Amino acid sequence: MKSTIDYKRLHLTPIEELIDADFGKPGTPERKTFDESAQRFVEDYKRK
């Protein structure tokens, strides 16, 4: 079961909004670079 977080009540910002603000919206060249870098990080981490 997926839990729902009330970000506004907790005065939090969803991580997706933070990533969009720093690295662009999905589909932009900046976001593609970020997504590829994040994927490489995860793959390297899983190998260790």
Side-chain angles (χ1 to χ4, degrees):
M1 181 165 96
K2 184 177 180 182
S3 65
T4 304
I5 299 171
D6 186 353
Y7 291 100
K8 288 183 181 182
R9 184 177 63 78
L10 297 173
H11 306 287
L12 300 173
T13 302
I15 189 70
E16 294 85 3
E17 286 183 28
L18 296 173
I19 292 172
D20 289 351
D22 286 348
F23 301 104
K25 297 280 184 187
T28 62
E30 297 83 6
R31 180 61 172 268
K32 183 177 182 208
T33 300
F34 169 77
D35 290 342
E36 290 170 348
S37 176
Q39 186 62 42
R40 280 192 306 274
F41 174 83
V42 170
E43 289 170 2
D44 289 345
Y45 182 82
K46 287 177 11 180
R47 281 185 232 157
K48 293 181 182 180

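Note that the coordinates shown come from a computational prediction; the quantities given were computed from them, not determined experimentally.
To the nearest 0.5 Å, the span separating CD on E17 from CG on D22 amounts to 12.0 Å. To the nearest 0.5 Å, atoms OH (Y7) and CD (E16) are separated by 6.0 Å.
In this structure, P29 and K32 have side chains that are not in contact, with every pair of non-hydrogen atoms separated by 4.5 Å or more. Looking at P14 and I5, their side chains never come closer than 4.5 Å, going by heavy atoms from C-beta outward.
Taking every heavy atom of both residues into account, F34 and I19 meet most closely at CE2-CG2, 3.7 Å.
Taking a cutoff of 4.0 Å between a charged side-chain nitrogen and a carboxylate oxygen, R31 and D35 qualify as a salt bridge.
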